[in-house]
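Just below is one structure, and these are the notes that go with it.
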Amino acid sequence: MEKMLTEIGSYSLFHEYLNVVGAASPVLARIKTRWEYKQSDRLIAQIRVDPQGNARFYIDARAISVN
């Protein structure tokens with residue numbers, strides 16, 4: 001499932017994406033290693049935090065497609 005995700009470099013864009021798909025944004029300070037948002041067993045968004053505390057943001061852009 002993770003191979004369908006696209007990394008985006010901005011938390012603000014990630015937050016906007018979550019608004020579009022109807023999900024609440026998580027509090028970054030509370031995420032230890034990983035956070036995921038799924039709809040019907042489909043991974044829609046993910047945050048991964050490395051050991052140094054750097055967060056990376058991933059989305060499934062198909063979730064906002066108009067097709």
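All values below come from the heavy atoms of this structure, side chains included, with hydrogens, waters and symmetry mates left out. Being a predicted model, the structure only gives us computed values, none of them experimental.
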- [ ] List the steps, then state whether side-chain contact (heavy atoms from CB on, under 4.5 Å) holds for Val49 with Ile47.
- [x] CA-CA 7 Å; Val49 180; Ile47 299 173; 4.3 Å; yes
Open item on the list: Assigning hydrophobic clusters by single linkage (Ile, Leu, Val, Met, Phe, Trp, Tyr; side-chain heavy-atom cutoff under 4.5 Å), is Trp35 placed with Val27?
Closed with: no
Open item on the list: Donor-acceptor check, side chain of Ser10 to backbone of Ser12, threshold 3.5 angstrom: yes or no?
Closed with: yes
Task: N/O donor-acceptor pair under 3.5 Å between Gln39 side chain and Val21 backbone - done: yes
Minimum heavy-atom distance [X]-[Y], with the two atoms named:
X	Y	answer
Ala24	Leu18	O-CD1, 4.1 Å
Tyr58	Phe14	O-CE1, 3.3 Å
Ser25	Tyr11	CB-OH, 3.5 Å

Open item on the list: What verdict does the side-chain contact (heavy atoms from CB on, under 4.5 Å) test give for Tyr37 and Asp60, after you've listed the backbone C-alpha separation in whole Å, the side-chain angles of each residue and the deciding distance to 0.1 Å?
Closed with: CA-CA 10 Å; Tyr37 175 73; Asp60 182 349; over 6 Å; no
As an exercise, state the distance from [atom1] of [X] to [atom2] of [Y], rounded to the nearest 0.5 Å.
X	Y	atom1	atom2	value
Leu43	Glu36	CG	CD	5.0 Å
Leu5	Phe57	CG	CZ	14.0 Å
Gln46	Ile59	CD	CD1	12.5 Å

Open item on the list: Quick one, Arg62 and Arg42 - any side-chain contact, counting heavy atoms below 4.5 Å?
Closed with: yes
TODO: Under the side-chain contact (heavy atoms from CB on, under 4.5 Å) rule, what do Arg56 and Asp50 come out as? Steps first, then yes or no, please.
DONE: CA-CA 8 Å; Arg56 297 181 80 165; Asp50 66 22; 5.7 Å; no
